[in-house]
Amino acid sequence: MAEDSAGHPAGTQTGLLEPLELLYEEVGQPRFGLPPALATAYGGDLGFALPCVYANFVTSIDGVVALGPEYPSSGSAISGREPTDRFVMGLLRACADAVLVGAGTLRATPGHQWTPDHVFSQAAPAFAELRRSLRRPASPQLVVITSSGDLPTEHPALESGALVATTVEGARRLEGRLPPACTTLTAGEGTVLRMADVLAVLHARGHTAVLTEGGPHLIGNLLGEGLLDELFLTTSPVLAGRAGTSRPGLITGLELLPKHPAWADLISARRRDSYLFLRYRLRSRVLGHRARTAQPSASRDSTFTSSSAT
């Protein structure tokens, strides 16, 4: 993280950060009523029409969102650990009931915790105030998606407790290996996880504001099922480049253009120096495969069985 000469994260000494510059915002958006410190730093209010699945990514100018498995925590390299990007990441987590990540993201970020204050501790009191006002628990529920069951079971985020959604084969591989605080959600049949079924289980548990931080395969799965509602995209003023290495863009495992364009509407644009903070709303019937928002139902919930790691 960038630091000032006094060794503190860059920003103002009287507030969390200098306010983001608001360039554009669509009128009539939902408002959660952010605490004053958060609203000042963000440059306005923030809210979601629930239920909502929203993604947050940082990308280089040339469209790279990850530098490959040989570079752990590559998002920080792409963002330059810009404090405002970390603040927005924390704010979006603070709004969420659950944070959805793929197994690859978990493996690529050793030591990480998917909580608001882990990425921007200066705002921890304000994040806690926001969660209390939304009647949310202290931290969002971490949900890890893995079809194969290939997880770093010693990861501290799993030690803190997580829902692990997997297949029968994945559950078999994880049996007896997950920390006691974890709960396994096992698909009743098949070898592929349907994200609609995962979201239905989360909705049934009261998790209607679901943030995903990827990775690109998970975003592809959500888009392929027409389940992603919004995208927050930070454009970092850096060129990453590619030279025979795996450096994916936002989506992996799904081709959209030219037959299935996934159009989106810009609903907010903010700026900090040369960083852009963009918010898009995906248009309805992204691919026309399924309804965009999974609805809780007895039939979908019954496709999963739940078991504690203890």
Side-chain angles (χ1 to χ4, degrees), residues 11-12 15-59 79 82-100 116 120 123 126-127 129-136 140 199 203 207-213 219 222-223 226-237 250 256 261-288 291-295:
T12 65
L16 296 176
L17 289 166
E18 294 180 7
L20 274 163
E21 179 185 356
L22 181 62
L23 304 177
Y24 166 75
E25 190 152 76
E26 181 184 80
V27 299
Q29 292 187 42
R31 311 286 184 183
F32 278 172
L34 298 181
L38 299 182
T40 298
Y42 188 60
D45 210 336
L46 176 66
F48 299 91
L50 302 176
C52 184
V53 179
Y54 57 103
N56 182 39
F57 274 82
V58 61
T59 178
S79 71
E82 161 60 34
T84 307
D85 178 63
R86 297 176 71 80
F87 164 73
V88 172
M89 188 188 310
L91 178 60
L92 294 176
R93 291 179 182 182
C95 290
D97 292 306
V99 179
L100 193 68
F120 200 78
F127 289 151
E129 181 183 350
L130 171 61
R131 294 192 66 79
R132 286 193 299 270
S133 72
L134 297 174
R135 302 185 181 225
R136 309 241 201 277
L199 290 176
H203 290 176
H207 302 324
T208 56
V210 179
L211 164 66
T212 179
E213 296 183 3
I219 295 299
L222 288 165
L223 279 169
L227 298 170
L228 187 65
D229 294 295
E230 295 192 14
L231 170 64
F232 289 78
L233 190 66
T234 299
T235 301
S236 178
L250 183 65
L256 296 170
W263 295 103
D265 295 312
L266 180 68
I267 59 175
S268 175
R270 286 170 163 80
R271 184 179 76 91
R272 158 70 67 247
D273 298 328
S274 295
Y275 290 79
L276 287 176
F277 298 83
L278 308 176
R279 180 183 183 182
Y280 293 94
R281 180 189 302 117
L282 275 293
R283 296 178 184 175
S284 60
R285 298 176 61 83
V286 173
L287 296 183
R292 294 178 65 242
T293 303
Q295 297 297 323

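Reckoned from all heavy atoms, side chains included, excluding hydrogens, waters and symmetry mates. Residue numbers run from 1 in the order of the sequence given. Note that the structure is a prediction, hence the values are computed from the model and not measured.
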State whether the side chain of Arg272 and the backbone N or O of Pro19 hold a donor-acceptor pair below 3.5 Å, judged by distance alone. yes
So, Tyr54 side chain and Leu92 main chain: donor-acceptor pair closer than 3.5 Å or not? yes
Using atom types as modelled, flag every donor-acceptor pair under 3.5 Å from a side chain in residues 30-37 to any protein atom, sequence neighbours excluded.
{"from": "Arg31", "atom 1": "NH1", "to": "Glu25", "atom 2": "OE1", "distance (Å)": "3.4"}

Interatomic spacing from CZ in Arg271 to CG in Leu278 - rounded to 0.5 Å: 12.5 Å
Could you give me the CA-CA distance, side-chain angles and deciding distance for Leu231 and Ile219, then say whether side chain to side chain contact (heavy atoms under 4.5 Å, CB included) is met? CA-CA 10 Å; Leu231 170 64; Ile219 295 299; over 6 Å; no
Go through the structure and list residues passing salt bridge (Lys or Arg N to Asp or Glu O under 4.0 Å) with Arg136, not counting sequence neighbours. Asp97
CZ-CG distance between Phe277 and Asn56, expressed to the nearest 0.5 angstrom: 9.5 Å
Mind checking the CG-CG spacing from Leu282 to Asp229? Nearest 0.5 Å is all I need. 7.5 Å
Distance col, row Asp273:CG vs Leu20:CG, nearest 0.5 angstrom, shows 10.0 Å
For Arg279, is there an ion pair with Glu26 - N to carboxylate O distance below 4.0 angstrom? no
Given side chain to side chain contact (heavy atoms under 4.5 Å, CB included), test Leu38 with Leu46 step by step and report yes or no. CA-CA 10 Å; Leu38 299 182; Leu46 176 66; over 6 Å; no
Which pair of non-hydrogen atoms, one from Phe120 and one from Pro83, has the smallest distance, and what is that distance? CE1-O, 3.6 Å
Can you tell me if Tyr280 uses its side chain to pair, donor with acceptor, with the backbone of Leu233 under 3.5 Å? no
With a 4.5 Å cut-off on side-chain heavy atoms, are Pro116 and Pro140 touching? yes
Test item: Asp85 and Ser236 side chains (from C-beta on) under 4.5 Å apart, heavy atoms: no
Starting at CZ of Phe232, measure out to CD1 of Ile267 and round the result to the nearest 0.5 Å. 6.5 Å
Can you say whether the rings of Phe87 and Phe127 are parallel (under 30°), tilted (30 to 60°) or perpendicular (over 60°)? parallel
Give me the atom names and distance for the closest heavy-atom approach of His207 to His203. O-CD2, 3.1 Å
Exercise: identify the closest heavy-atom pair between Leu130 and Ala94: CD2-CB, 3.9 Å
Tightest non-hydrogen contact, residues Ala96 and Arg131, listed as O-NH1, 2.8 Å
If you measure from CG on Asp45 to CD on Gln29, what distance do you get to the nearest 0.5 Å? 10.0 Å
Check whether Arg270 reaches the backbone of Tyr42 with its side chain - one donor and one acceptor, N or O, closer than 3.5 Å. yes
